[in-house]
> 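Sharing a structure, written as structure tokens. Questions coming.
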Amino acid sequence: MSSDAIDQALAQSGHLPGGLLQVLHGIADRLGHIPPEAIGRVAAALNLSRAEVHGVVSFYHDFRSEPPGRHVLKLCRAEACQAMGSEALAGALERRLGCKFGETSPGGAVTLEPVYCLGNCAAAPSLLLDGQLRGRLTGERLDRLVDALVAPAEERA
Amino acid sequence: MTHIVYVPIDATARSVGADDVAAAIAREAAARGEPVQIVRNGTRGLCWLEPLVEVATPAGRVAYGPVDVADVAALFAADFLRGGAHPLAHGRTDDITWLESQERLTFARVGITDPLSLADYREHGGLRGLRAALSAKTGSDIVEEVVRSGLRGRGGAAFPAGIKWRTVAGAPGPQKYVCCNADEGDSGTFSDRMLMEGDPYVLLEGMTIAGLAVGADQGYIYLRSEYPDAERTLLAAIEAARAAGWLGRDVLGSGRAFDIELRRGAGAYICGEETAMLESLEGKRGMVRPKPPLPAISGLFGKPTVINNVITLASVPIILDRGGQYYADYGMGRSRGTLPFQLAGNIKRGGLVEKAFGLTLRQLVYDFGGGTASGRPVRAVQVGGPLGPYLPESKFDVPLDYEAFAAAGGMIGHGGLVVFDDTVDMALMARYAMEFCAIESCGKCTPCRIGSTRGVEVIDRIRKNERRGPNLALLRDLCDTMTHGSLCAMGGLTPAPVLSALEHFPEDFQR
Ligand SMILES: Cc1cc2nc3c(=O)[nH]c(=O)nc-3n(C[C@H](O)[C@H](O)[C@H](O)COP(=O)(O)O)c2cc1C
Ligand code: SF4
Ligand code: FES
């Protein structure tokens, strides 16, 4: 399955000049992360060294080496959202999910990540949930969002 | 008669429920047997009223907002389809003072048209700039028109666009590129996004004109990955423009070629810096390149390259259409034309205000913005993104002109304003500035990479009142080293928010 995804991403973007990021995005879009076997395959196909590909994967925040949880929640922690109370939401999220930013909740439901501005700064605070933008968050709205992601059984565990 | 109802498709509107509102309107209309056509327009930029629903009436478009799904039945009951009275009604959209007092040149169509409709684009003045450029005798005629307009780069550094184009046009070589910087990483900014989602063709048109001016046949848009909606819109627009013959081998039947490819960034703030962006476009780590060589001489894949911000490029069509002088007639001093200011953070009426240079922060924050959303006093405004200083109220009357504002210690940058109320802890904001630099540094120079991490530690000690005096001195030293020892403005300007916090809000470091 991951092998198919790598092939598809290479077929789609491998021909682009300097297209390594687009190939990696193609893999990440399909698999949620860049699996270790992708490094060598992509390097060979694009005539790059493994070190070059690995260097790029590790440089960019978008490319994870581990599979994420079932959902990815990126809370904006930049200034405009801070001015509207995002840091209180950040703390509440960590407590609720039982994980820190950059980690996945113990049951595997949610990977929590920081993001620095979503261009929604006039409707702050904001987050991106599985690619969907949500604005004007309050503690209550956030609670309801998380309720829908975290199964009750899991929270007890 | 079919009623036309506008519900924005802009990401901000969608983030607060516009899709659900559009669906609810369609459902309710069907249930009531009212024929309705829903147009998903861009945003008018009155973000605090989103979702802002408009209906076309014989007297013009009438606005309602912010509309919640729960309001939809009542709106129908109030006969909003015919402009009926309702507590959420704001009258004719064009008469809303906030909008009416703006000068929308670059954003002339945004919010009015269906972003992807080629017909709307043409009917609202689209392509006229490109036609003028195609009928210009030479590329340098185009370049000189842009020079005459006084247009300066809107991405931050405010370098005159026409002068940059002149360099690229004069650089030898058959292959040149136009790269649009759509990385828009600054907190408090969203004008690039709103433009790309609300009027994508104007960006494509501006890039094509740049290509004709300098002799480039290929353009790239480097779009940050945090903007999935803009990506979808741009991809569709590029495809439609190709199909219509606006892009491709034979632009508008002129025999001239220009095409555009979209590239997605990968979540690195530094890739907004133009040379890091080039590295990233070449598929590498986003490491800043030393200058010289200038990208205008040796840019993408080593070829002469125009790099401009989205708003810079999107302002070019109107300049070619109306003439450089028309644009230059707006503004003050050496800051000609208009800037789409973005009001963000803790502000009652946030959104996009396009105005000629020369107005003040006070006008933006109070007259347009209405003060804070929390209702508490404004304490500080950060202008110009995470590398911009924090300004206290005493600086609110300086005119927003690149030179005048800089002389007063400010930086206009990309035109974003982030407002904070009096609950803000400025020592924490200073700490955040250092932390952000530590997270986003490309790692090439020590003062930036290590200095920022040390900065966080030192501010932590100051906040805990550990050897406060010496640590404050150390913090200033660190800032000095970063200012003078960094290759680019990431490390070089991170001290700006820190030092401004120390200067204007010293009490926050003494708690
Ligand atoms: C750290 C850093 C981040 C930047 N981010 C952006 C950005 O997101 N968008 C942008 O247009 N320019 C950004 N710039 C400015 C670019 O380097 C460059 O000046 C600009 O893209 C040139 O286009 P313009 O002349 O039209 O403004 C950034 C600069 C620095 C130092
Ligand atoms: S100042 Fe920072 S971001 Fe800029 S080149 Fe140096 S290390 Fe990279
Ligand atoms: S700062 Fe959070 S969306 Fe811009």
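Owing to the predicted nature of the structure, the values given are computational and were not obtained by experimental measurement.
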> Please check if atom NE2 in A:His54 has more than 12 non-hydrogen atoms from other residues, nucleotides or ligands closer than 6.0 Å.
no
> Which answer fits B:Gln342, side chain, backbone, both or neither, if we ask what part of it has an atom under 4.5 Å from a heavy atom of chain A?
neither
> What part of B:Thr189 is in contact with chain A, defined as an atom under 4.5 angstrom from a non-hydrogen atom: side chain, backbone, both or neither?
backbone
> Ignoring hydrogens and angles, state whether a donor on the side chain of B:Asn346 or B:Asp421 is under 3.5 Å from an acceptor on the partner side chain.
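A donor-acceptor contact under 3.5 Å links the two side chains.
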> Taking the six-membered ring of B:Tyr390 (Phe, Tyr or Trp), confirm whether the NZ or CZ of B:Arg379 is under 6.0 Å from its centre and within 45° of its axis.
no
> Does any backbone or side-chain atom of A:Arg77 lie under 4.5 Å from a heavy atom of chain B? Answer side chain, backbone, both or neither.
backbone
> Please look at B:Asp186 and chain A and tell me whether the side chain, the backbone, both or neither of the residue comes under 4.5 angstrom of a heavy atom of that chain.
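Backbone only.
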> Name the region of A:Ser58, side chain, backbone, both or neither, that has any atom closer than 4.5 Å to a heavy atom of chain B.
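Side chain of A:Ser58 only, per the 4.5 Å heavy-atom cut-off to chain B.
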> What residue, out of A:Arg134, A:Met84, A:Arg136, has the most heavy-atom pairs lying under 4.5 Å from chain B?
A:Arg136
> I'd like to know which of B:Ser187, B:Gly17, B:Ala266 tops the heavy-atom pair count under 4.5 Å against chain A.
B:Ala266
> At a heavy-atom distance under 4.5 Å, which candidate from A:Cys81, A:Gly55, A:Ala28, A:Ser13 has the highest pair count against chain B?
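Looking at each of A:Cys81, A:Gly55, A:Ala28, A:Ser13 in turn, A:Gly55 comes out on top.
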> State, with a plain yes or no, whether a side-chain heavy atom of B:Met194 is found less than 4.5 Å away from one of B:Phe107.
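In short, these two side chains touch, coming nearer than 4.5 Å.
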> Report the option among A:Cys117, A:Gly19, A:Ala123 that has the most heavy-atom pairs separated by less than 4.5 Å from atoms of chain B.
A:Cys117
> Can you tell me which portion of B:Ala11 sits under 4.5 Å from chain A's heavy atoms? Options are side chain, backbone, both or neither.
both
> Counting only non-hydrogen atoms closer than 4.5 Å, does B:Pro386 touch chain A with its backbone (N, CA, C, O), its side chain (CB onward), both, or neither?
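Backbone plus side chain of B:Pro386, per the 4.5 Å heavy-atom cut-off to chain A.
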> Does B:Lys348 NZ have over 12 foreign heavy atoms under 6.0 Å away?
no
> Check each atom of A:Gln22 against the heavy atoms of chain B and say whether the ones under 4.5 Å are side chain, backbone, both or neither.
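The side chain, not the backbone.
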> Heavy-atom distances under 4.5 Å only: say whether A:Val115 touches chain B with side chain, backbone, both or neither.
side chain
> Please identify, among B:Ile439, B:Thr372, B:Asp229, the residue contributing the most non-hydrogen atom pairs under 4.5 Å to chain A.
B:Ile439
> Select one option (side chain, backbone, both, neither) describing which atoms of A:Leu127 are under 4.5 Å from chain B's heavy atoms.
neither
> May I ask you to test the B:Leu417-B:Val365 pair for a side-chain heavy-atom distance under 4.5 Å?
yes
> Taking the six-membered ring for Trp, is the centroid-to-centroid distance between A:His25 and A:Phe63 below 6.0 Å?
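Under 6.0 Å, so yes.
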> Side chain, backbone, both or neither: which part of A:Gln132 has an atom under 4.5 Å from a heavy atom of chain B?
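Interface part for A:Gln132: side chain.
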> Would you say the side chains of A:Glu113 and A:Thr111 form a donor-acceptor pair under 3.5 Å?
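On atom types as modelled, these side chains do not qualify, holding no pair under 3.5 Å.
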> Scan side-chain atoms only and decide if B:Glu435 and B:Ser452 contain a donor-acceptor pair under the 3.5 Å cut-off.
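Their side chains do not contain a donor-acceptor pair, so the 3.5 Å distance test is not met.
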> Can you name the side-chain hydrogen bond (donor to acceptor under 3.5 Å, both in side chains) partners of B:Glu184, sequence neighbours left out?
B:Tyr227, B:His414
> Among side-chain atoms of A:Asn120 and A:Ser126, is any donor-acceptor pair under 3.5 angstrom?
yes
> Taking the side chain from B:Asp183 and the backbone from B:Gly272, do they hold a donor-acceptor pair closer than 3.5 Å?
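Present.
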> Please classify the contact of B:Tyr269 with chain A as side chain, backbone, both or neither, using a heavy-atom distance under 4.5 Å.
neither
> Between B:Arg193 and chain A, with a heavy-atom cut-off of 4.5 Å, which part of the residue counts as in contact: side chain, backbone, both or neither?
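Just its side chain gets close to chain A.
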> Compare all side-chain heavy atoms of B:Tyr222 with those of B:Ser280 and state whether any distance is below 4.5 angstrom.
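Result yes, sub-4.5 Å side-chain heavy-atom pair found.
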> Go through the atoms of B:Met429 and report whether side chain, backbone, both or neither lie under 4.5 Å from a heavy atom of chain A.
side chain
> I'd like to know which of B:Ala344, B:Gly350, B:Ala230 tops the heavy-atom pair count under 4.5 Å against chain A.
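Among B:Ala344, B:Gly350, B:Ala230, the one with the most close pairs to chain A is B:Ala344.
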> Looking at chain B, which one of A:Gly131, A:Ala124, A:Pro17 has the largest number of heavy-atom pairs inside 4.5 Å, strictly under?
A:Pro17
> Is B:Arg224 close to chain A through its backbone or its side chain, or both, or neither, when contacts mean heavy atoms under 4.5 Å?
side chain
